[in-house]
Structures are given as structure tokens and as C-alpha cells.
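Because only heavy atoms are used, hydrogens play no part in the values below, and waters and symmetry mates are left out as well, while side chains stay in. Here the structure is a predicted model, which means the values were calculated and not measured.
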Amino acid sequence: MSQDNQNQPGQAVEPQDENQLIALRREKLGEMRAAGNAFPNEFKREQYAADLQKQYVDQDKPWFDDNEVRVSVAGRIMLKRVMGKASFITISDTSGRLQIYAQIKLLGDELYESFKTWDSGDIVGVEGLLFKTQKGELTVKADKLQLLTKSLRPLPEKFHGLSDQEQRYRQRYLDLIMSEETRDTFKMRSKIVSYIRRFFEGRDFMEVETPMLQVIPGGATARPFETHHNALDIDMYLRIAPELYLKRLVVGGFDKVFEINRNFRNEGLSTRHNPEFTMIEFYQAYATFHDLMDITEELFRGLALEVLGSTEVPYQGEVFDFAKTFERISVTDSILKHNPDITADDISSLEAATALAEKLGIHVEGYWGLGKIQMEIFDVTVEKKLLNPTFITEYPAEVSPLARRNDDNDFITDRFELFIGGREIGNGFSELNDAEDQAERFQKQVAEKDAGDAEAMHYDADYIRALEYGMPPTAGEGIGIDRLVMLLTDSPSIRDVILFPHMRPE
RNA sequence: GGGGUGUUAGCUCAGUCGGUAGAGCAGUUGACUUUUAAUCAAUUGGUCGAGAGUUCGAAUCUCUCACACCCCA
């Protein structure tokens, strides 16, 4: 709280969207202030709504006549039905909903009259005995009732809720109040992250934290956010990936490490892109990209079973099968498989591939090699068709500056990307641990940067130095958590799985 | 960056051919002691996203801008 804020309680700054409804609630709050402490905090909540619903689901109405169950619950008033000398309200706490019965007989005239002025959205504490209504709904017969927090703003319509998407993203708190579906999505997200963490911990991986503020933004090809460190007087970047730091740790002898954290990329916003997004990256020494594909299948299958209870993953009208072995197919084979009119010759020489790319409407830059052009053709003609989980392998070295070259074919690397629902979900490879090759690849990246590729990598001399000490054969992978959560929660937009997605300021 | 759609009461939405701005919910007042989106009666509430233009007259037609959503690059 700002110290120079001279405003006294109750004389708050006039909000711009003040209206009749808010004004009246402010008046009610004013009366509460005059009557004593308007924001009491000594109420002790003892039970959660959902626990009680679960615990007493099998007890019938007469049971409660013989068994006194006294509870103390608290939550937000979502529904209110006043019938003269008795009322029902439905409150919502973090676990679920519970009905409260308020009678003038039990509460007394004064409290009951006051209660009738309370509004939906207000937060209340309730004590009383449990019973079941004629329709069998578990209800608390309130003998103590206290308004804990006055809500000054009216809630959205009780039946339709908040449907304006912009408002749901900008005022997520309101979306969470109104939508069980939204609450479930983020509970699911928490479960997913928790499962992933346990999965790797259970395999002796160590969780680490590496710099988010980096002097050289490395580990991926993307535009970084720039910032400045005043004391050191140097420009710094928000990280686009943790990769190079995690591999330094493998050099240091931490054979199995993982990090779940945010990356930042200074790019456009879309249903699949948010400027900050969450990735898990994990690295395992003495493993290959084949091992990673096995681990990934195991992880995804386990996750689906854990959070959905099934290996069939419904998504936007499709169903993806996580039970079957994930298809493994090379970049070039996948192009041929999904495009009967494209021949192997069309994509095996720079000239032919360039011609094909241009026919597909791709703007080919002069510095692109065959590998880059193949990937562009793949992006346009294959990616969207990869619905069931598919590992695409044999990525060109040209577009894989950190991956180990294939022993039999140095045009390609021991790398894969995982696609589900037509979207890239993961990217992994056997790591390039040849310091001299890595130095050359960095130099090539620098040349591409000079040639106009703003996303090309910087030369990271300390990373080369680390590799020169020797990194054991290692494989590493990154998985986009947000896109994974989208899949498992059947969410069409990345904004639906990020609590506070980035929007243009109001 | 390009295209499409949208923006009307606190919320969910109507608004015909350009002719005085509508409903439901919420709110307010009254009735009602087992309701279930309670019900019944009455009633308050509007810079129609912003600006300009056409017109006797614009929520409605035209243009510009803002924001959002969707599609494409």
C-alpha cells in the first residue's frame, strides 16, 4: 500500500464506472462501518462444501433428525431466495457449493432483517446444523450468520454467467468466481504440472532453476525481450529457453536435471502463442533421442490416465489416442506420405525444393539451405495433419544448431519433434557434445543473423568453453506445458489455460 | 501485416424499411417459513465502443479510430 495514499477508508477514489448498483452497495458498506468492524477476520471455517456433500451424500433426511452435525462454513453468496420469514442462499467456497437455510426464528429479527439486505457476491460465515431438504439437498440450518466481506460490485447474470471472452481474460478473478469450468481447467493444469514433476523426480531427475535474465539469449531461435541491468550497465534479455544452462549442469556432473519455468518470446499473440509460456526441459546423460521418445510416450500416457482417467484424449471434436505406440517418421518421409503429389526428387535438391516451396507460396530467403526449405514445406503441408501423437525425426542439421549429427548422414540430426492435434508439443534430441562442431554451428548462426535472420542464435563462448571440458553423451527435450494443458483440458485457446494472458492494456 | 465478425442497462441478449431505446436476470418496494435459475406484483436503471459524415431525422447507412474474437500470412 502506497504510503502517500491519504484516502481514508470509505472515502475511496471515485471509480469511473460507478453506477446505481455499486453506489447502493457502498451505502450498505458505509452502514456496516458505522455499526462497527465492517471487515471482521476472526471467523473460523471448519469444513469445506465439497467434503460435506461427499461425506453425507448417503444419509437420508430422517438421519439428520437423530444425528446432530454441527458445521462452520464460509463462502461467497451465489444465489439468494428470500421467502418472508425464511430464506435459502447458496454459497460457493473453494471446493464447491452448499445451501444455507436462514430462519428468522433462529437468527432473530435484527440479524434476519440485516441478512435480507445482503447481496449476491458478499462473503459470509455460517454456523449451524446440517439437514436435508424435502428434495434431498444437503443444507446448513444457520444459527449463526455473519457478513465477512461486503462485495461492492454486482456479479454477472446468475444463469448465463460471464460469457464475454475479453472480460473473462482481463478479469480472470470474475471468471473464476462464475465458472466452474474455468476453475476446473486451472485445477487440471496444477495436477498436470504436479504429475510431470513427480514423474521426473521418480526417475531420479533433479529440479533446478537457471537464469531467466540472460546476457546471451540462447537455446532456441526466437526474438527475445530486451531489458537493462543498471548496476552492471549491461543490456540483458529475458530467456527464450533454459537449454544452454541446463547442459552446463550436465557438464558439471548433474546427470539428470529438469526445469519447469517460464520462457519469453517477443512475438505475436495468437490462440497458440503467449509472450510468456511455460516449458519443461529435461536432460539425461548417457541417453539418446530414442530413449527420450520412450520416456515421452510413457509420460503422456501416464498423464492422460492421471488427469482424464483414459488414454483417449478428446480435443475439439477429435479424439487422440495415447494408448497406441506413437508413430515415428522422418521429416522427408512424412512430407511424401501426406502429399501424394510430391516426389522424393522434389525435396532432395536445393533447386527442386526451392521451386516446390515457391509453388506452395513460401517466400524463400537467399540464405536458406535445403534443410530450411524442407522444414518450411513440412510446416505448410504436413504439420496440421499430424493429429494422433507423432514423432517427426531426422531434422536437418541446418535448423538444429544444438543437436547431434546423425552418424550415418551428417545432413540430419538425431532429433525429433512431437506433434499432437496438428501442433508441436515437444522437441528433443541427442545433444551436440562436440565443442568444435558446436562452435562452427554458432558461427553459421551468426552469419545468418548478419544475413538478416533476426531469430538466429548468438555465439555463446562460455557454452563452448563448458563443452570443451567435456559433456557426456546426453539427450534433452522440451515440452510446452501450455499446449499440453490445452490438449488435456480440451481448450481451444492458449489464453484459456493461462490465468492472466497478455492483452493490450484497456 | 491482410480479411471476416463483434462492441446496446451491472450481466445475458433483442432491436424489422432510418422515425420516441426493449426483454430476462440483477437491483429497489411489497407478499411469501423447505426454496432449487424460487414464485407473484410494482418499479429504478442507457454517452447504443469513440469521433466525423449523409439525412428533416442515425443504435440502424458511410468513413476513420479503439478494443476483442476467428481465419490467413
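Judged by the 6.0 Å distance and 45° axis criteria, A/K132 is not positioned over the aromatic ring of A/F64. A/K80 forms a cation-pi arrangement with A/F115, by the criterion of a distance under 6.0 Å to the ring centre and an angle within 45° of the ring axis.
In this structure, a donor-acceptor pair under 3.5 Å is present between the side chains of A/Q99 and A/T139. One side chain, A/Q316 or A/D490, offers a donor N or O that lies under 3.5 Å from an acceptor on the other.
Taking the C1' atom of each, B/G46 and B/A14 are spaced 15 Å apart, rounded to whole Å. The separation of B/A50 from B/U8, taken at their C1' atoms, amounts to 15 Å, rounded to a whole angstrom. When the P atom is used for both B/G24 and B/A59, the distance is 23 Å, rounded to whole Å. The gap from the C1' atom of B/G22 to that of B/C48 amounts to 12 Å, rounded to the nearest Å. For B/G2 and B/G45, the C1' atoms lie 42 Å apart once the distance is rounded to whole Å. With both ends at atom C1', the span from B/G18 to B/G57 equals 8 Å, rounded to whole Å. Of the P atoms belonging to B/U28 and B/G19, the separation is 36 Å, rounded to the nearest Å. Going from the C1' atom of B/C17 to that of B/G1 covers 39 Å, rounded to whole Å.
Counting any heavy atom pair closer than 4.0 Å across all strands shown, A/Y169 reaches sugar-phosphate atoms only and no base atom. Nucleic acid contact for A/L24: sugar-phosphate only, since backbone atoms but no base atoms lie under 4.0 Å from a heavy atom of the residue. Counting any heavy atom pair closer than 4.0 Å across all strands shown, A/G361 reaches no nucleic acid atom. Residue contacts for A/L155: at a heavy-atom cut-off of 4.0 Å it reaches no nucleic acid atom on any strand shown. At the heavy-atom level, A/S87 lies nowhere under 4.0 Å from the strands shown. Counting any heavy atom pair closer than 4.0 Å across all strands shown, A/E157 reaches a base atom.
In this structure, the side chain of A/R495 does not engage the main chain of A/P501 through any donor-acceptor pair within 3.5 Å.
Atom-to-atom, CD of A/Q171 to P of B/G10 comes out at 13 Å; the value is rounded to the nearest Å. We find that CG of A/D164 is positioned 14 Å from C1' of B/U5, with the value rounded to whole Å. Atom CD1 in A/I89 sits roughly 16 Å away from atom P in B/U36 (whole-Å rounding). One can place CD1 of A/I91 at 16 Å from C1' of B/U35, the figure rounded to the nearest angstrom. Rounding to whole angstrom units, CG of residue A/L162 and P of B/C13 are separated by 10 Å.
Between B/A26 and A/K158, a contact under 4.0 Å exists linking OP1 or OP2 to a side-chain N or O. Between A/R81 and B/A37 there is no side-chain N or O to OP1 or OP2 distance below 4.0 Å. For the pair A/S163 and B/C13, the criterion of a side-chain N or O lying under 4.0 Å from OP1 or OP2 is met. Taking only side-chain nitrogens and oxygens, A/R504 comes nearer than 4.0 Å to OP1 or OP2 of B/C67. At B/C69, one or more side-chain N or O atoms of A/R495 fall inside 4.0 Å of OP1 or OP2 (strictly under the cut-off). In terms of phosphate contacts, A/R170 brings a side-chain nitrogen or oxygen within less than 4.0 Å of OP1 or OP2 of B/A68. Distances shown here put a side-chain N or O of A/K28 below 4.0 Å from the OP1 or OP2 atom of B/U28.
Where RNA chain B pairs in unbroken runs of 3 or more (Watson-Crick or G-U, both distances under 3.5 Å), the stems are B:1-7 with B:66-72, B:10-13 with B:22-25, B:27-31 with B:39-43, B:49-53 with B:61-65.
Nearest to the side-chain atoms of A/F159 among the listed nucleotides B/A38, B/G10, B/A37 stands B/A37. Residue A/K141 places its side chain closer to B/U34 than to any other of B/G10, B/U44, B/U34. Side chain of A/K384, nearest nucleotide from B/C72, B/U28, B/U35: B/C72. Relative to the side chain of A/M503, the nucleotides B/A37, B/U33, B/A68 differ in distance, and B/A68 lies closest. For A/Q134, the side-chain atoms get nearest to B/U35 when compared with the rest of B/U33, B/U35, B/C11. Proximity note for A/T139 (side chain, C-beta onward) versus B/A26, B/U35, B/U33: the nearest is B/U35.
At a cut-off of 3.5 angstrom, the base of B/U35 holds at least one donor-acceptor pair with the side chain of A/Q99. One N or O donor and one acceptor, one from the side chain of A/T133 and one from the base of B/U36, sit under 3.5 Å apart.
A residue-by-residue look at A/P154 and A/S270 shows that A/P154 has its nearest nucleotide of RNA chain B further toward the 5' end. Between A/Q165 and A/E137, the residue anchored nearer the 5' end of RNA chain B, judged by the nucleotide with its closest heavy atom, is A/E137.
A salt bridge is absent between A/E31 and A/K28; no separation between the charged side-chain nitrogens and carboxylate oxygens falls under 4.0 Å. Salt bridge A/D51/A/K54: absent, no basic N to carboxylate O contact under 4.0 Å. Using a 4.0 Å cut-off between charged side-chain N and carboxylate O, A/R272 and A/D482 make no salt bridge.
Between A/F391 and A/F416, the ring planes are perpendicular. Angles over 60° get that label, and only those under 30° would be called parallel.
The shortest distance between side-chain heavy atoms of A/N263 and A/I240 does not fall below 4.5 Å.
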